[in-house]
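As structure tokens, the structure follows; a few thoughts come after it.
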Amino acid sequence: MNLGVFEGKWSKEYTALFFVFRDLVAPKVKGVGDAKAVQQALDLAKEEGFGGKKEEVIVVNPPSSKLGNRVIFVGLGDKKEAKPTTFREVTGAAMRALRFCPPHLVMVLPSARALGESSTRLAQLATEGVLLGTYRFDRYLNGAGEKKWKNIYLANVPSNQGKKGIERGRIFAEAAIFARDLVNEGASVVTPEYLANIAKQLAEKEKSIEVKIFNEKTLIEQNFGGIYGVGRGSHHPPCFIELKYTPAKAQKTLALVGKGVTFDSGGVNIKPTHSLETMKEDMSGAAAVLGVFSALAKLRPKLKVVGLIPASENMVDGNSYKPGDFLRTYSGKTVEVTNTDAEGRIILADALSYGVRHHKPDVIIDMATLTGSAALALGQNIMALFSTDDSLALALQEASDRSGEKLWRLPLEKDYMEDLKSHFADIKNAPAIRRGGAIHGALFLHYFLESHPRWAHFDIAGVAWSTRDRGYIRRGGTGVTVRTLLEYCMDENLWKTS
Ligand code: BES
Ligand code: ZN
Ligand code: ZN
């Protein structure tokens, strides 16, 4: 798809798309038809019942109009409630709703002032909405694929700002799509080794990125007892992936850790049927790390970024780890395995202690489809955030406001550590009680942070996979946290203070 700024002279070969609030005031735009034609087309839309409701889409066919014979209006909802992120959602929804693809679509951006955003940002939001909303995992679809868009131009934006916004929007969206593709592909393809190969390819392409893979043998030799313990029952051997992006002048170091369970059968504590179907999503944290790395060399933020991916497949096998087993993790701390389905925290324990020890990062953030509890509490739209540091939590909240990937902070209630106490080892992986499950998961991870002060944990179990199309989200892997983390990396004010 070709995306650019509309700079030509208006002609009828173009199809115009206007965004309209519920007040149904015709947008004033120079260069797209003329004011009279826009008003006439909008009157026609109103006659046909268009009310400007959020995500409402109508196509009208005005007779002999300067705009041509097809004009599209898209509702933005109430002006008072409109937020910039609404605009991204509306754009995505509109792209999905349109049943035809005009070869030359001119998308007229709403007024930057009305949405309280710069023109550059609006162009970025529109680009993300378009690319993410038209995404579809279609590798296995014979024939009946999605519509194919050709040319989309953004109008009502100064050329330079428009181009800058489109460029950033494209990099952000493609990074999220990179992650979506990895999540959507089957787990028999996306194995730990497959993830390692993706990481290697990223490093081969860019001088600023290096990679190191710890294979199964190295995991045993170097005492990664968690990653190995969880992965040893699988035909596909576990591995640990270390990525490093080093810019010319690095000011700080950020470590990103992503849960890479390429399939979570639950292990010997096998999951019930309905829970298994989407458990290829259990490497969504890893996919987010890889998605971020696919964009870093293009965006060149001024901070060093380390990516750490513990990758194991959690399977049922004669050699699987079992309930009642003990595992010695990388830190030396021991874990009593009370439930083989609480595997994510075990492999993350190795990765977190390794990250803190070897990289001494200023900030360490992990992304994990960790607990069903987080999904139950917050649903499909909101991820759980835990953090040991208020200013880091605030910075991530700000990044999330910009990306539109909603989060809600939950407490690290230290009292609940009681539930993780083991009689026989330093800690157990699953408590006997289920109340507070997301907090237990976070507290377990915290135990392996070796007193690192600035840590954040995203529990993305509810949001990594969508069961429905919504705004710019498509059914399947969502690529969640990629754009939030990129917003964070790209704003020094966010990471300098946190
Ligand atoms: N991968 C799951 C969590 C999950 C659930 C991800 C739903 C996506 C959607 C995780 O490994 C798990 O099974 N957690 C258990 C932990 C429990 C046994 C302490 C859970 O949440 O039930
Ligand atoms: Zn599990
Ligand atoms: Zn899992």
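As a basis for the values below, the full set of heavy atoms in this structure was taken, side chains included, without hydrogen atoms, waters or symmetry mates. Predicted model, so just to flag it, every value in this text is computed and none were measured. Both ligands and their constituent atoms are indexed starting at 1 by order of listing.
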Worksheet item: Can the ring centres of Phe214 and Phe224 be said to be less than 6.0 Å apart?
Response: yes

Item to complete: Assess Lys333 against Phe448: is NZ or CZ under 6.0 Å from the centre of the six-membered ring, and within 45 degrees of the ring's axis?
Response: yes

Practice prompt. Could you check atom 12 (C) of ligand 1 against the protein and tell me its nearest heavy-atom contact, residue, atom and distance included?
Written response: Asp341 O, 3.2 Å

Worksheet item: Nearest heavy atom to atom 1 (N) of ligand 1: which of Val463, Asp282, Ile460 does it belong to?
Response: Asp282

Worksheet item: Are any of the side-chain nitrogens in Lys428 or Asp325 under 4.0 Å away from the carboxylate oxygens of its partner?
Response: no

Item to complete: Have a look at Ala464, Gly267, Ala430, Ala368 and point out the one with the heavy atom closest to atom 19 (C) of ligand 1.
Response: Ala430

Worksheet item: Which protein heavy atom lies closest to atom 10 (C) of ligand 1, and at what distance to 0.1 Å?
Response: Leu370 O, 3.3 Å

Response to the item:
Counting heavy atoms under 4.0 Å, the part of Met283 that contacts ligand 1 is neither

Discussion item. Could you check whether any side-chain heavy atom of Phe263 comes within less than 4.5 Å of a side-chain heavy atom of Leu276, counting everything from C-beta outward?
Written reply: yes

Discussion item. Regarding ligand 1, does Glu281 bring an N or O atom to under 3.5 Å of one of the ligand's N or O atoms?
Written reply: no

Fill in: Salt-bridge contact Glu167-Arg170 (side-chain N to carboxylate O under 4.0 Å)
no

Response to the item:
Short version for Arg434: what comes under 4.0 Å of ligand 1, heavy atoms counted, is neither

Worksheet item: With a cut-off of 2.8 Å, does Val261 place any N/O/S atom under that distance from the Zn ion (ligand 3)?
Response: no

Discussion item. Which atom name does Glu343 have for its N/O/S atom nearest to the Zn ion (ligand 2)?
Written reply: OE1

Worksheet item: Considering only N, O or S atoms, which atom of Asp282 is nearest to the Zn ion (ligand 3)?
Response: OD2

Worksheet item: If you measure from the Lys or Arg side-chain nitrogens to the Asp or Glu carboxylate oxygens, is any gap between Arg402 and Asp491 under 4.0 Å?
Response: yes

Worksheet item: Is it true that Asp469 and Arg474 make a salt bridge, defined as a side-chain N closer than 4.0 Å to a carboxylate O?
Response: yes

Worksheet entry | Atom name, Asp264 (N, O or S, nearest to the Zn ion (ligand 2)) | OD2

